Amino acid sequence: QVQLVESGGGLVQAGGSLRLSCAASGRTFSNYAMGWFRQAPGKEREFVASINRSGYLTAYADPVKGRFTITRDNAKNTVSLQMNSLKPEDTAVYSCAAGLGSYPSDGYGYWGQGTQVTVSS
C-alpha cells in the first residue's frame, strides 16, 4: 500500500512563496512518476505539475508555469513543489499523487490527503 503525506501548506500573502513536500512510502519510489494536483472550493480537482521517475521530465499547468517548480529526491522518497509569486487564485487544497508507471501519462493510482494553501490579497 502506497502512503503519501503532504506538508508545508499554510497562509501566505499574495506575492509570497511556499514549499510543499510529499513523503512517500510503501513501494520503490524511484520507479514511478509523481504529480501535484489542487482543488479549490466549488471546483474540480486540477492538474498542477508532474515529474517522471528520474526527475528529468516535468510538466506544468499553464496557470503555474514560471512560478511553480516540481522536484523529487529519490534518495529521500520525497517530491516537492516550490511555489513562488503566489496569487489568491492559487488558494486550494494541494495533493500529491503517485503514478502507476514511470511517466505521468501512465496515470495516477494513489493520493495523499492534501494540504491547504491559502493566499490572501
Side-chain angles (χ1 to χ4, degrees):
Q1 184 72 14
V2 176
Q3 283 141 4
L4 303 170
V5 180
E6 302 96 338
S7 62
L11 174 65
V12 64
Q13 288 189 331
S17 298
L18 281 175
R19 185 176 180 87
L20 306 183
S21 292
C22 173
S25 61
R27 65 178 186 180
T28 304
F29 179 77
S30 59
N31 286 349
Y32 299 93
M34 297 292 294
W36 284 96
F37 290 74
R38 68 186 183 186
Q39 187 167 19
K43 295 187 177 181
E44 293 191 354
R45 183 170 61 195
E46 65 176 1
F47 167 77
V48 175
S50 65
I51 190 166
N52 76 323
R53 59 176 287 188
S54 65
Y56 287 108
L57 295 177
T58 59
Y60 298 91
D62 285 344
V64 308
K65 280 181 181 176
R67 300 188 297 122
F68 291 11
T69 303
I70 186 171
T71 56
R72 67 188 296 159
D73 185 336
N74 286 341
K76 295 183 178 179
N77 291 358
T78 59
V79 60
S80 297
L81 185 70
Q82 177 66 42
M83 306 186 295
N84 298 329
S85 302
L86 283 161
K87 305 175 181 180
E89 51 263 44
D90 293 319
T91 295
V93 174
Y94 285 71
S95 300
C96 71
L100 295 172
S102 301
Y103 296 94
S105 57
D106 294 326
Y108 298 92
Y110 306 93
W111 301 84
Q113 291 200 338
T115 185
Q116 177 70 47
V117 171
T118 303
V119 184
S120 63
S121 57

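Sequence positions, counted from 1, serve as the residue numbers for this chain. Please read these numbers as outputs of a predicted model, since none were measured by experiment.
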So F29 and M34, side chain to side chain contact (heavy atoms under 4.5 Å, CB included) or not? Walk me through it.
CA-CA 9 Å; F29 179 77; M34 297 292 294; 3.8 Å; yes
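- Not a single donor-acceptor pair under 3.5 Å links the side chain of Q13 to the backbone N or O of S120.
- In this structure, R27 contributes its side chain and V2 its backbone to no donor-acceptor pair below 3.5 Å.
- Judged by distance alone, the side chain of D90 and the main-chain N or O of A14 form no donor-acceptor pair under 3.5 Å.
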Go through V12 and M83 one step at a time and tell me if the side chain to side chain contact (heavy atoms under 4.5 Å, CB included) criterion holds.
CA-CA 11 Å; V12 64; M83 306 186 295; over 6 Å; no
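- Heavy atoms only, all atoms of each residue included: G99 and Y32 are closest at O-CD2, 3.5 Å.
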Evaluate side chain to side chain contact (heavy atoms under 4.5 Å, CB included) for V119 paired with E89, printing each intermediate quantity in order.
CA-CA 8 Å; V119 184; E89 51 263 44; over 6 Å; no
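- Atoms NZ and OG1, from K65 and T58 in turn, are 10.0 Å apart once rounded to the nearest 0.5 Å.
- Screening residues 93-113 for side chain to side chain donor-acceptor pair (under 3.5 Å) gives R38-Y94 as the qualifying pairs, with residues at least two apart or on separate chains.
- No option in T115, L4, I70 other than L4 meets the side-chain contact (heavy atoms from CB on, under 4.5 Å) test with C96.
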The test is side chain to side chain contact (heavy atoms under 4.5 Å, CB included); show your working for F37 and V93 and say whether it passes.
CA-CA 8 Å; F37 290 74; V93 174; over 6 Å; no
Between side-chain atoms of residues 18-25 and protein atoms elsewhere (two or more places apart, or another chain), which donor-acceptor pairs fall under 3.5 Å?
residue : atom : partner : partner atom : Å
R19     : NH1  : Q82     : OE1          : 3.2
S25     : OG   : Q3      : OE1          : 3.3

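- For the atom pair CD1 (I51) and CG (L57), the distance works out to 9.0 Å, reported to the nearest 0.5 Å.
- Nearest heavy atoms, A49 versus Y60: CB-CD2, 3.6 Å.
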